[in-house]
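Notes to accompany the following structure.
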Amino acid sequence: MTEKEIELMLVKEVKRRGGRAFKFISPGINGVPDRLVLLPGGRAGFVEVKAPGKKMRPNQIKRKGELEGLGFLVYCLDSPEDIGGVVDAITGSVTTKIKTTVSPS
């Protein structure tokens with residue numbers, strides 16, 4: 001499965017739940033997450049999508065930390081099986097952390 005396929009599945013699931021998953025591009029700033037997920041009820045989170053088993057690059061880990069430091073939810077998604085859990089976490093319907101592929105550096 002490719003990163004693009006997982007990303008399209010994420011977009012479809014968010015849309016099914018009444019939300020939007022905008023492609024997030026920030027010119028001049030490297031390492032921003034791929035998608036800004038907006039859900040009903042004013043819920044928002046960022047999602048970095050990776051191919052199965054791939055890891056976030058150091059600049060992506062840095063941006064994740066910056067966004068989390070501002071209080072935003074940021075997830076790394078590398079498996080279609082985790083899509084529902086990530087979306088649930090953004091809606092606030094789960095309280096546990098979702099597995100990410102981030103390793104300490």
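Reckoned from all heavy atoms, side chains included, excluding hydrogens, waters and symmetry mates.
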Restricting to side-chain hydrogen bond (donor to acceptor under 3.5 Å, both in side chains), what partner residues turn up for [X], sequence neighbours left out?
| X | result |
| --- | --- |
| Lys23 | Glu7 |
| Glu3 | none |
| Ser26 | none |
| Arg43 | none |

| said: Phe24: which residues meet the ring pair (Phe, Tyr, Trp, His ring centres under 6.0 Å) condition with it, sequence neighbours left out? | reply: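 Scan of Phe24 (ring pair (Phe, Tyr, Trp, His ring centres under 6.0 Å), adjacent residues dropped) gives Phe46.
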
With sequence neighbours left out, write down each residue that passes side-chain contact (heavy atoms from CB on, under 4.5 Å) with [X], or none if nothing qualifies.
| X | value |
| --- | --- |
| Val11 | Ala21, Arg35 |
| Pro52 | Met1, Ile6 |
| Leu38 | Phe22, Leu36, Ala44 |
| Arg57 | Lys50, Asn59, Gln60 |

| query | Can you find a heavy atom in the side chain of Ile29 that is under 4.5 Å from one in the side chain of Val32? | reply |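 The answer is yes, as the side chains (C-beta and beyond) meet within the 4.5 Å cut-off.
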
| query | So, does Asp34 use its side chain to make a donor-acceptor pair with the main chain of Glu48 at under 3.5 Å? | reply |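 Checking the backbone N and O of Glu48 against the side chain of Asp34, no donor-acceptor pair under 3.5 Å is found.
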
| field | For Arg17, salt bridge (Lys or Arg N to Asp or Glu O under 4.0 Å) partners two or more places apart | value | Glu13, Asp88

| request: List for me each residue that meets salt bridge (Lys or Arg N to Asp or Glu O under 4.0 Å) alongside Glu66, sequence neighbours excluded, and say none if there are none. | output: Arg63

| query | If you look at every heavy atom in Gly53 and Asp78, which pair is closest and at what distance? | reply | N-OD2, 3.4 Å

| Do the side chains of Val37 and Ile25 join up, straight or via other hydrophobic residues, at under 4.5 Å, putting them in one cluster? | no

